[in-house]
Q: 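This is the structure I have questions about; it appears just below.
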Amino acid sequence: MPELPEVETIRQTLKQLVINKTISYVEVYWPNIIKHPDVETFKQLLENQAITDIKRRGKFLLFILNDYVLVSHLRMEGKYYIQQQDDSLNKHTHVIFTFTNGEQLRYNDVRKFGTMHVFKKGEETTNKPLNQLGPEPFDEQFTFNYFAQRLKRTRRNIKSILLDQTVVTGLGNIYVDETLFKAQVHPAKKGHSLTNEEINAIQTYMKETLNDAIKQGGTTIRSYVDGQGEMGMFQQDLYVYGKEGEACHYCGGEIVKLRISGRGTHVCRTCQKE
DNA sequence: TTGGGTGTTGAGTA
DNA sequence: ATACTCAACACCCA
């Protein structure tokens with residue numbers, strides 16, 4: 001489900017609902033979600049910890065606690081809800097954080113792909129999974145020179161490069177297709193074949209697209225909702241993702257769906273020359 | 001009814 | 001390095 005704009009929206013909305021609340025205990029119904037440390041330690045470390053902030057790194061949510069950081073990845077369909085202790089349980093709720101005031105932060109995940117790690121504060125940045133991530137799209141470190149260097153030394157196609165979180169972190173299938181369409185670059189083009197103009201366009205439209213999507217509260221394709229259960233509105237602004245068979249906004253040609261690097265990929269063949 | 005596809009990412013293999 | 005397949009899992013739809 002969630003790429004950078006959706007995770008950022010969840011961060012902003014959920015933060016209001018959990019800030020300064022203290023966890024009294026944690027229940028885990030699907031242990032595979034807990035990747036570090038072991039489940040019992042995980043539960044124990046979080047007891048009596050207050051949530052002081054929620055941050056984001058790429059597609060990860062970081063719940064900042066007094067002494068620890070909970071690193072949470074939603075993968076395809078992870079969602080957080082605030083509910084009351086006596087609210088009925090959903091069958092896809094796998095982790096419950098009960099606060100001292102009786103409210104609960106519930107983690108729902110139909111496909112159970114999501115992950116959670118807990119680290120001592122400060123150690124999260126030097127361990128997997130966060131230590132593998134490349135720069136944020138809006139980082140100063142994400143310069144033209146850095147990006148061009150990463151692209152020009154590889155024969156991989158630009159679609160898979162943009163999905164590679166070690167190059168730049170936060171893009172998934174939707175925003176890669178949207179970015180490449182606006183930049184008018186075909187997703188099958190090899191990194192080393194891109195011109196400076198194309199690289200600059202990709203970088204510029206990547207940031208513009210992500211920014212616009214954050215302003216709209218993210219994209220709701222299937223089931224995405226923010227921390228307060230509200231849908232995002234960016235799907236109204238999609239140009240190619242899920243638009244196969246429709247007319248291209250620029251040239252009127254037909255949007256087609258291809259398979260590139262194993263992923264469904266949407267392009268206008270006229271605007272994005274291979 | 002069934003098989004392929006879905007917004008993610010890691011491991012294993014060649 | 002990279003490309004490819006599979007795996008985790010549940011649901012939807014043609």
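Residue numbers begin at 1 in each chain, while the letters A, B, ... track the order of the sequences. Model, not experiment: these values are computed from the prediction.
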Q: Is any side-chain nitrogen or oxygen of A:Gln165 closer than 4.0 Å to OP1 or OP2 of B:dT8?
A: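 It does not, given that no N or O in the side chain of A:Gln165 lies less than 4.0 Å from OP1 or OP2 of B:dT8.
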
Q: Under a 3.5 Å distance rule, please check whether A:Lys189 uses its side chain to pair with a backbone N or O of A:Val185 as donor and acceptor.
A: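 No: the side chain of A:Lys189 does not pair with the backbone of A:Val185.
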
Q: Mind calculating the distance between CG (A:Leu163) and P (C:dA3) to the nearest angstrom?
A: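 Those two atoms, CG and P, are 13 Å apart.
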
Q: Just say parallel, tilted or perpendicular for the rings of A:Tyr250 and A:Tyr239, cut-offs at 30° and 60°.
A: tilted

Q: Whole Å only: how far is the CZ atom of A:Arg156 from the P atom of C:dC4?
A: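 Roughly 11 Å, once rounded to whole Å.
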
Q: When you compare C:dA1 with B:dT8, how far apart are their P atoms, in angstrom units rounded to a whole number?
A: 24 Å

Q: Measure OH/A:Tyr224 against C1'/C:dC11 and give the value in whole Å, please.
A: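 In whole Å, C:dC11 C1' lies 21 Å from A:Tyr224 OH.
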
Q: I need the single residue from A:Leu180, A:Leu151, A:Val167 that forms a side-chain contact (heavy atoms from CB on, under 4.5 Å) with A:Leu162. Which is it?
A: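 Of A:Leu180, A:Leu151, A:Val167, side-chain contact (heavy atoms from CB on, under 4.5 Å) with A:Leu162 is met by A:Leu180 alone.
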
Q: Report the distance from atom CD1 of A:Ile260 to atom P of C:dT2, rounded to the nearest whole Å.
A: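 These atoms are roughly 17 Å apart.
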
Q: For the P atoms, the ones on C:dA7 and on B:dG3, what distance do you get once it is rounded to whole angstrom?
A: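 It comes out at 16 Å once rounded to the nearest Å.
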
Q: Grab the CD1-C1' distance between A:Ile221 and C:dC11 for me, whole Å please.
A: 17 Å

Q: Looking at C:dA3, I'd like to know if its phosphate oxygens (OP1 or OP2) sit under 4.0 Å from a side-chain N or O belonging to A:Arg155.
A: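 Negative; the distance criterion is not met.
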
Q: Using a 4.0 Å heavy-atom cut-off, does A:Thr154 contact any base of the nucleic acid, only the sugar-phosphate backbone, or nothing at all?
A: sugar-phosphate

Q: Counting only heavy atoms not in A:Lys120 (residues, nucleotides, ligands), do more than 12 fall under 6.0 Å from its NZ?
A: no

Q: Picking from B:dT8, C:dT2, B:dT6, which would you name as closest to the side chain of A:Lys257?
A: B:dT6

Q: Verify the contact: side-chain N or O of A:Lys128 to OP1 or OP2 of B:dG10, cut-off strictly under 4.0 Å; return yes or no.
A: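 So the side-chain polar atoms of A:Lys128 never come under 4.0 Å of the phosphate oxygens OP1 or OP2 of B:dG10.
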
Q: For a quick check under 3.5 Å, do A:Lys159 and A:Thr265 share a side-chain donor-acceptor pair by atom type?
A: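 Judged by distance alone, the side chains do pair up.
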
Q: On DNA chain B, does the nearest nucleotide to A:Phe60 precede the nearest nucleotide to A:Gly264 from the 5' side, or the other way round? Give the residue.
A: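 Result: A:Gly264.
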
Q: Considering only side-chain heavy atoms of A:Phe113, which listed nucleotide, C:dC11, C:dC9, B:dT6, is closest?
A: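 Among the listed nucleotides, the one closest to the side chain of A:Phe113 is C:dC9.
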
Q: Quick one, A:Thr126 with A:Asn131, criterion side chain to side chain donor-acceptor pair (under 3.5 Å). Give me CA distance, side-chain angles, the key distance, then yes/no.
A: CA-CA 5 Å; A:Thr126 55; A:Asn131 67 352; over 6 Å; no

Q: From the set C:dA10, B:dT6, B:dT8, return the single nucleotide nearest to any side-chain atom of A:Asn173.
A: B:dT8

Q: C:dC11 pairs with which nucleotide, Watson-Crick or G-U wobble, both distances below 3.5 Å?
A: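 Paired with C:dC11, as far as the under-3.5 Å criterion goes, is B:dG5.
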
Q: Below the 4.0 Å mark, does C:dC11 have OP1 or OP2 next to a side-chain nitrogen or oxygen of A:His92?
A: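 So the side chain of A:His92 is within the cut-off, an N or O lying under 4.0 Å from OP1 or OP2 of C:dC11.
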
Q: Can you tell me how the ring of A:His117 sits relative to the ring of A:Phe119, calling it parallel under 30°, perpendicular over 60° and tilted otherwise?
A: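 Answer is parallel, since the angle falls under 30°.
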
Q: With nearest nucleotides of DNA chain B determined for A:Arg111 and A:Gln132 from heavy-atom distances, which residue corresponds to the more 5′ nucleotide?
A: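 The 5'-side residue here is A:Arg111.
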
Q: If you only use heavy atoms from C-beta on, which nucleotide in B:dT6, C:dC9, C:dA8 is closest to the side chain of A:Trp30?
A: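 The answer is C:dC9, which lies nearest to the side chain.
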
Q: For C:dC4 and A:Ser261 - does any side-chain N or O of the residue sit under 4.0 Å from the phosphate oxygens OP1/OP2?
A: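 False: A:Ser261 side-chain N/O out of range (4.0 Å or more) of C:dC4 OP1/OP2.
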
Q: Quick one: is C:dC9 close enough that its OP1 or OP2 comes under 4.0 Å of any side-chain N or O from A:Lys91?
A: no

Q: I need the NE2-C1' distance between A:His117 and B:dG10, as an integer number of Å.
A: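 Whole-Å distance recorded here is 11 Å.
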
Q: Would you measure the distance from the P atom in C:dC6 across to the matching atom in B:dG4 and give it in whole Å?
A: 12 Å

Q: Should A:Arg75 be listed as having a side-chain N or O under 4.0 Å from OP1 or OP2 of C:dA7?
A: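 Indeed not, no polar side-chain atom of A:Arg75 lies that close.
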
Q: What's the CD1-P distance between A:Ile161 and C:dT2, to the nearest Å?
A: 8 Å

Q: With a 4.0 Å cutoff (strictly under), does any side-chain N or O of A:His73 reach OP1 or OP2 of B:dT8?
A: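 For B:dT8, neither OP1 nor OP2 has a side-chain N or O of A:His73 closer than 4.0 Å.
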
Q: Take the protein atom CZ of A:Arg57 and the nucleotide atom P of B:dT9, then report the distance between them rounded to whole Å.
A: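 Atom CZ in A:Arg57 sits about 13 Å away from atom P in B:dT9.
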
